[in-house]
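Worth knowing before you read on, the calculation uses all heavy atoms, side chains too, and leaves out hydrogens, waters and symmetry mates.
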Amino acid sequence: MKKVRVWTAAAILLCIITGCGNNNVDKDYVYNVEIQEETGKEYITTDNTITELEQGFSVVSFNGNYGFDSFLEQGGAESDSGVLKYLTSTLISEADNLLFEGPAFGCSTISVENKEGGYYFGRNFDWDQCEAMVVISYPDSGYASFSTVNLDFIKQGAGPVSNFLSDETLTVAALYAPLDGMNEKGLCVAVNMIQDADTISQDTDKPDITTTTAVRMLLNKASTTDEAIELLKQYDFHASMDYMVHLAVADITGKSVTVEYVNNEMEITETPVLTNYYLAEGEKNGIGTEQSHTRFNILEKALEENSLMDAGQVKDTLSSVSKGNFGEFESTEWSVVFDQTALTAAYYHRENYNKEFLLRLER
């Protein structure tokens, strides 16, 4: 693959300073849509140019090879800096001063049967106001997928260089930093943080993956929850930014689990709901924020009352556990309802559940 060049030795991804903060109500956001004849729904069309849907939320597509198979074949990476070193040595030139970092975040996920058949996977990402981007990937090798990236998690190391970074550079880097997504087989993956001083750093002779590259690997290579678990077992997992995390994984059959690492040992717990505390039995069980227990209980109750949901009910359920309900400084930066059969994604930005951004994977 040809190298993606930047014009300065700086960051691949950056915290776009002007993008985080107050909404810009004056700007008109223009994007193309395609109407689905059967439903009349308008799906946003995408290409390799980053399209801003509203302030702080954008979308882009990538077709081709972005070197991920080669990344795994050369042993992966045991740290975020190792991922960046691979990117700068193979894909992106003149980008030496790189830094992945970000403060703690919360999240909620739910897997629920679709009234029309199949399953939905819903996800809230809770954080400060940030730059979020959806990347629709059609790799030469691997499954097509949606993924969502918080661009603030990867900051520039030297100076304000955002005007010099191409869309291709940002997109390739973002492909290595997903926090959730769904692939063409209907497999969904999401990262949720656990408030715990511990971290994950397995140390055997296996190749290495970080949190975000684990998500990318599963989206590219796993078609079922069981396949995802087996893939993860083949690698030493290292928590990105040293934060304790667990993964929610759900497939098209409705099999939904959390993958946790307790004392660096993988633990699998079947659950349709995940927030931000340990579910694995044992010494860590229940450790996490009090609010994460509250959100978990709300989601469980919603499932008890409605074992089958339509997309609107999943959206409303995500709204019921969004950060605006708890009077905190954080917001739910994005919510997404993945339809694992139709291979569509309905995004809602910053708790505006009246405005829907619809995307779909091309088969």
Side-chain angles (χ1 to χ4, degrees), residues 78-80 100-111 121-128 130 148-150 152-153 177-181 188-203 208-216 218 225 228-229 232-233 235-250 256-300 318 321-323 325-326 328-335:
E78 62 181 25
S79 66
D80 301 315
F100 277 33
E101 64 176 28
F105 57 93
C107 296
S108 303
T109 68
I110 184 171
S111 173
F121 183 84
R123 147 73 150 189
N124 282 350
F125 179 83
D126 305 328
W127 204 58
D128 298 334
C130 67
T148 329
V149 181
N150 179 353
D152 284 11
F153 275 14
L179 295 172
D180 57 47
C188 294
V189 186
V191 179
N192 289 15
M193 205 198 95
I194 304 174
Q195 193 172 69
D196 185 10
D198 206 352
T199 188
I200 309 165
S201 186
Q202 295 182 305
D203 184 16
D208 300 293
I209 49 174
T210 61
T211 302
T212 61
T213 55
V215 175
R216 171 53 56 200
L218 299 185
T225 298
I229 293 167
L232 289 171
K233 288 179 180 178
Y235 291 83
D236 280 344
F237 193 105
H238 304 268
S240 291
M241 299 173 284
D242 291 331
Y243 288 133
M244 177 55 72
V245 296
H246 48 185
L247 303 178
V249 184
S256 178
V257 305
T258 178
V259 181
E260 298 177 326
Y261 293 84
V262 179
N263 298 323
N264 288 320
E265 295 294 328
M266 182 189 290
E267 301 281 354
I268 308 297
T269 305
E270 290 203 29
T271 176
V273 170
L274 189 63
T275 54
N276 306 105
Y277 68 89
Y278 289 97
L279 297 186
E281 294 297 328
E283 62 183 278
K284 296 272 190 177
N285 180 259
I287 291 176
T289 63
E290 181 179 348
Q291 187 201 100
S292 69
H293 285 261
T294 300
R295 285 184 278 114
F296 191 97
N297 292 337
I298 292 170
L299 293 173
E300 270 202 325
L318 293 174
V321 292
S322 65
K323 282 291 186 174
N325 296 289
F326 299 95
E328 295 188 349
F329 66 91
E330 292 178 318
S331 73
T332 296
E333 281 298 282
W334 70 79
S335 300

CD (Gln291) and OG1 (Thr275) are apart, to the nearest 0.5 Å, by 9.0 Å
| query | What do the steps show when you test Asn150 against Trp127 for side chain to side chain contact (heavy atoms under 4.5 Å, CB included), and what is the final call? | reply | CA-CA 10 Å; Asn150 179 353; Trp127 204 58; 3.2 Å; yes
Q) Any side-chain heavy-atom pair from Val321 and Phe296 closer than 4.5 angstrom? A) no
Closest heavy-atom pair, Ala250 versus Ser111, reported as atoms and distance to 0.1 Å, is CB-OG, 4.2 Å
Is the shortest side-chain heavy-atom distance between Ile194 and Asn276 below 4.5 Å?
no
Is there a donor in the side chain of Trp334 and an acceptor in the side chain of Asp180, or the other way round, less than 3.5 Å apart? yes
In short, Phe237 meets Ala214 closest at the heavy-atom pair CE1-CB, 3.7 Å
Note to self: Do Asp196 and Lys284 make a side-chain contact, defined as non-hydrogen atoms from C-beta onward lying under 4.5 Å apart?
What the structure shows: yes
When rounded to the nearest 0.5 Å, the distance separating CG of Asp236 from CD1 of Ile209 is 8.5 Å
When every non-hydrogen atom of Glu300 is compared with those of Val273, the smallest separation belongs to N-CG2, 4.3 Å
Scanning both residues in full, the closest heavy-atom pair of Thr294 with Phe326 reads CG2-CE2, 4.1 Å
Rounded to the nearest 0.5 angstrom, the CG-CG distance for Leu279 and Leu274 is 5.5 Å
Inset, instruction - Side-chain contact test, heavy atoms from C-beta onward, threshold under 4.5 Å: evaluate it for Leu247 versus Leu232 and give yes or no. - result: yes
In this structure, OG1 of Thr258 is separated from CG of Asn192 (nearest 0.5 Å) by 7.5 Å
Worksheet item: Any luck finding a side-chain donor-acceptor pair between Thr210 and His238 under 3.5 Å?
Response: no
| query | Leu179 versus Val215: any side-chain heavy-atom pair under 4.5 Å? | reply | no
Between Asp198 and Met244, the two heavy atoms sitting closest are O-CB, 3.5 Å
One should read off an interatomic distance between Asp242 CG and Thr211 OG1, to the nearest 0.5 angstrom, of 9.5 Å
When every non-hydrogen atom of Ser240 is compared with those of Asp80, the smallest separation belongs to OG-OD1, 3.0 Å
- Message: Quiz question: by atom type and distance under 3.5 Å, do the side chains of Asn124 and Ser108 form a donor-acceptor pair?
- Response: no
Given 3.5 Å as the limit, does a donor-acceptor pair link the side chain of Asn325 with the main chain of Ser322, or not? yes
- Task: State, yes or no, whether a side-chain contact exists between Arg123 and Cys107 at a heavy-atom distance under 4.5 Å.
- Result: yes
*Any donor and acceptor pair, going by atom type alone, linking the side chain of Glu267 with main-chain N or O of Ala280 inside 3.5 Å?*
no
Side chain to side chain contact (heavy atoms under 4.5 Å, CB included) with Met266: of Asn264, Ile268, Val262, only one passes, and it is Ile268
The reported gap from NZ in Lys323 to CZ in Arg295 (rounded to nearest 0.5 angstrom) is 5.0 Å
**Report entry** Note, Val249 side chain near Val259 side chain (heavy atom, < 4.5 Å)
**Finding:** yes
